[in-house]
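All figures in this text were calculated on a predicted structure; none of them were measured in a lab.
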Amino acid sequence: MSGSFSWDAIVQVGTIKPYEKALVLTVYHEFESHSGDNRAASKPAWNTIVCFRERMRSEIIDHLAPGDLVHFHGYVRTGTFTDDVDDKRRTVDLVIQRFDLLHKHIDGPTDH
């Protein structure tokens, strides 16, 4: 089912970690309660997203920093692997296809 589902998110960048073949970002957003109570407080939520395309990884590193407000678009990729003790594991990746910088955070990282 890889690529069967697309996703969009407007989030603040937490961390950006480059690896040999991927770039992993932690992102922060406020999760709105759907309980029907208009007074319900939103809850903080952290997610991890990944970028595999080399050109886009360079763009992200050159243009984004912790605290920036960004719109990401991508797809869900699933896979399986066998770990070190021969247990079968399943992975679900939120893969970045595009991004738009909405607001540059210039005062340093946000405290969440």
Side-chain angles (χ1 to χ4, degrees):
M1 294 185 59
S2 179
S4 297
F5 302 98
S6 63
W7 58 271
D8 282 282
I10 296 176
V11 295
Q12 283 186 293
V13 175
T15 61
I16 302 171
K17 294 183 180 179
Y19 294 92
E20 184 179 344
K21 295 185 180 186
L23 184 71
V24 176
L25 294 89
T26 58
V27 295
Y28 171 85
H29 65 96
E30 293 287 326
F31 181 72
E32 300 293 329
S33 173
H34 294 289
S35 66
D37 182 3
N38 291 336
R39 296 172 290 159
S42 59
K43 297 179 181 181
W46 286 91
N47 292 98
T48 302
I49 59 178
V50 64
C51 180
F52 293 106
R53 288 192 208 152
E54 187 173 348
R55 182 171 164 241
M56 185 170 296
R57 293 190 324 243
S58 296
E59 290 287 320
I60 290 171
I61 289 170
D62 291 346
H63 295 97
L64 299 184
D68 289 350
L69 185 65
V70 182
H71 172 246
F72 287 107
H73 174 79
Y75 64 93
V76 176
R77 182 180 84 168
T78 61
T80 58
F81 68 96
T82 304
D83 66 13
D84 295 340
V85 292
D86 287 334
D87 287 335
K88 192 170 186 177
R89 301 287 183 184
R90 182 179 174 144
T91 62
V92 178
D93 295 318
L94 298 176
V95 180
I96 300 167
Q97 288 181 298
R98 323 187 278 277
F99 73 94
D100 294 302
L101 176 61
L102 301 177
H103 179 74
K104 190 75 175 157
H105 187 79
I106 58 173
D107 295 331
T110 57
D111 295 322
H112 291 293

From CD1 (Ile60) to CG (Asp68), nearest 0.5 Å:
11.5 Å
How many angstroms lie between CZ in Arg98 and SG in Cys51, if you round to the nearest 0.5 Å?
13.0 Å
Are Lys88 and Phe81 packed together at the side-chain level, in the sense that at least one heavy-atom pair is separated by less than 4.5 angstrom?
no
Out of curiosity, Asn47 CG to Ile49 CD1, how far, rounded to the nearest 0.5 Å?
8.5 Å
Would you say the side chain of Val70 lies within less than 4.5 Å of the side chain of His103, judging by non-hydrogen atoms?
no
When you group the ILVMFWY residues by side-chain heavy-atom contacts below 4.5 Å and let the links chain together, are Tyr19 and Val95 in the same group?
yes
Would you find a donor on one side and an acceptor on the other, under 3.5 Å apart, between the side chain of Trp46 and the backbone of Tyr28?
no
Please check if any side-chain donor atom of His71 sits under 3.5 Å from a side-chain acceptor atom of Asp8, or the reverse.
yes
Any heavy-atom pair between the side chains of Val27 and Gln12 that's under 4.5 Å?
no
Short question: side chain of Thr26, backbone of Thr15 - any donor-acceptor pair under 3.5 Å?
yes
Run the side chain to side chain contact (heavy atoms under 4.5 Å, CB included) check on Thr82 and Arg89 step by step: do they pass?
CA-CA 6 Å; Thr82 304; Arg89 301 287 183 184; over 6 Å; no
Supply the atom-to-atom distance Trp7 CH2 to Tyr75 OH, rounded to the nearest 0.5 angstrom.
11.0 Å
Is it true that a side-chain atom of Lys104 and a backbone atom of His63 form a donor plus acceptor pair closer than 3.5 Å?
yes
Return yes if a side-chain donor-acceptor contact under 3.5 Å exists between Asp100 and His73, otherwise no.
no
Sequence-distant partners of Asp84, side-chain hydrogen bond (donor to acceptor under 3.5 Å, both in side chains), two or more places apart:
none
Quick one, Arg90 and Thr78 - any side-chain contact, counting heavy atoms below 4.5 Å?
yes
Give me the atom names and distance for the closest heavy-atom approach of Ile16 to Leu64.
CD1-O, 3.6 Å
To the nearest 0.5 Å, how far apart are CG in Leu23 and CD in Glu54?
11.5 Å
Using a 4.5 Å side-chain heavy-atom cut-off and chaining through intermediate ILVMFWY residues, the residues clustered with Leu102 come out as Ile10, Leu69
Minimum heavy-atom distance Arg77-Phe52, with the two atoms named
NH2-CZ, 3.1 Å
Let me confirm one number: the CD-NZ distance from Glu30 to Lys43, rounded to the nearest 0.5 Å.
11.5 Å
If you look at every heavy atom in Leu94 and Thr48, which pair is closest and at what distance?
CD1-O, 4.1 Å
Of all heavy-atom pairs linking Val50 and Ala22, the shortest is CG2-CB, 3.9 Å
On a heavy-atom basis, the closest approach of Lys21 and Arg57 is O-NH1, 3.2 Å
